[in-house]
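These numbers come from a predicted model, not from an experiment. Throughout, numbering of the chain's residues begins at 1 and tracks the sequence.
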Amino acid sequence: MKRISFFAGMLLLMVSTLTSCRDTTEKETVIREVQVEKTVDTETKDKEGILERTAKEVDKKVNKEIDTVIQNIGDDN
């Protein structure tokens with residue numbers, strides 16, 4: 001019984017020694033602040049979303065189609 005407890009104690013000692021010797025490396029994070037200057041011409045580019053811009057393009061296409069249909073019908077006067 002003494003031998004079993006001695007070997008069990010030695011086994012636990014070896015296991016704890018092997019697992020505690022792991023090399024843990026800590027990564028250093030570097031944060032750099034950079035100032036960026038953006039010049040946006042607000043007169044030429046409105047603050048519209050993609051839906052508004054797409055709606056304008058669709059309106060232009062629809063208006064062109066309507067104009068061509070009106071030209072094909074002709075003037076009734």
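Considering only residues two or more places apart in sequence or on other chains, Val62 meets the side-chain contact (heavy atoms from CB on, under 4.5 Å) condition with Val58, Ile66.
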Would you check, one step at a time, whether the test side chain to side chain contact (heavy atoms under 4.5 Å, CB included) holds for Ile50 with Arg53?
CA-CA 5 Å; Ile50 191 166; Arg53 291 184 298 225; 3.7 Å; yes
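Side-chain N or O atoms of Glu52 include one that pairs as donor or acceptor with a backbone N or O of Gly49 at under 3.5 Å.
Taking NZ of Lys61 as the reference point, atom CG of Asn63 lies at 12.5 Å (rounded to 0.5 Å). Taking NZ of Lys56 as the start and CG of Asp59 as the end, the distance is 9.5 Å to the nearest 0.5 Å.
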Could you give the side-chain donor-acceptor pairs of residues 7-14 under 3.5 Å, partners two or more places apart or in another chain?
none

